[in-house]
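Everything below concerns the one structure shown next.
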Amino acid sequence: MNKYYKVVCLILLGFIIILSGCGGLEGAPGSDSDKTGILIQSVRVTGGGAGGEIDVAINATLIIQAAPVAFDPFPASVEECTITYLKGNENPDAPIIENMTIYPNCTIQNGINDCNVEMMDIQRNRKWWSDAEFHFPDFPTFSPRHYVVRFQCGYVNAYGDSGSFKVEDDIWLG
């Protein structure tokens, strides 16, 4: 009876330890770690232009902080990002910018990672300026228009399991 009691206690203790590792891991908003074994702790956008300003015609950098959950899933790779340009609430008259998909193929390791990305290609930038010239009578001295740029990115761990994360940042065009 005493051996049976010890075995049952050990099994229950094992279940408690396993279950305590499930859920409760808070990653970056919109990230998932359950399939990939990677916890995306944070993602932020920094500028690729002078003084850290985001130069939308050239590039930006995604700073991705990642950690393993239970096994070593690294290296991982950011395979694809869909970029959505949302008009700021205060600028409903701002020209529409079409979504864009990029394929950065950046490596993610345990820790802090830099991923250089194109935020807006030259074609979308030129179209925006053309639309702005047509829509705004005070062109080219009109005030900048506010947008929220959303990156929805997919990544793959070392074993081929896929996950995703998203990050948003404000930009002003004009």
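Owing to the predicted nature of the structure, the values given are computational and were not obtained by experimental measurement. Worth knowing before you read on, the calculation uses all heavy atoms, side chains too, and leaves out hydrogens, waters and symmetry mates.
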For the atom pair [atom1] ([X]) and [atom2] ([Y]), what is the distance rounded to the nearest 0.5 Å?
X	Y	atom1	atom2	answer
L62	T46	CG	OG1	8.0 Å
Y155	T36	OH	OG1	3.0 Å
T82	R150	OG1	CZ	11.0 Å
Q152	K166	CD	NZ	6.5 Å
Y85	M120	OH	CE	5.0 Å
I40	Q65	CD1	CD	10.0 Å

At their closest point, which heavy atom of [X] faces which heavy atom of [Y], and how far apart are they?
X	Y	result
I171	V149	CD1-CG2, 3.3 Å
V167	R44	CG2-CA, 4.0 Å
Q41	A67	NE2-CB, 3.7 Å

K127: partners by salt bridge (charged side-chain N to carboxylate O under 4.0 Å, His left out), with sequence neighbours left out:
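For K127 the salt bridge (charged side-chain N to carboxylate O under 4.0 Å, His left out) partners, ignoring immediate neighbours, are D131.
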Exam field: side chain [X] to backbone [Y], donor-acceptor pair closer than 3.5 Å:
X	Y	value
K87	P92	yes
N157	G160	yes
D72	F74	yes
R124	N99	yes

- Query: More than 12 non-hydrogen atoms from neighbouring residues, nucleotides or ligands closer than 6.0 Å to CG on D93, yes or no?
  - Reply: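 Counting other residues, nucleotides and ligands, CG of D93 exceeds 12 neighbours.
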| Should we count CD of E90 as having more than 12 external heavy atoms under 6.0 Å? |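 Atom CD in E90 is packed in, count exceeds 12.
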Side-chain heavy-atom pair [X], [Y] within 4.5 angstrom cut-off:
X	Y	answer
L173	P144	no
I97	Y147	yes
V78	I64	yes
P75	I108	no
P104	F151	no
W129	F134	no

(Q) Suppose the criterion is side chain to side chain donor-acceptor pair (under 3.5 Å): which pairs have a residue in residues 104-116, not counting sequence neighbours? (A)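 Listed by first then second residue: T61-N116, S77-N105.
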Check your understanding: Aromatic rings H146 and W172: how do their planes relate, parallel, tilted or perpendicular, breaks at 30° and 60°?
Key ->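 Correct class here is parallel.
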| Linking I/L/V/M/F/W/Y whenever their side-chain heavy atoms sit closer than 4.5 Å, directly or via other members, would I63 and I83 fall into one cluster? |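 No, separate clusters.
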| request: Quick one: name the residues clustered hydrophobically with F71, using the 4.5 Å side-chain heavy-atom rule over I, L, V, M, F, W, Y, and just say none if it's on its own. | output: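 Once heavy-atom contacts under 4.5 Å are chained together, F71 belongs with Y159.
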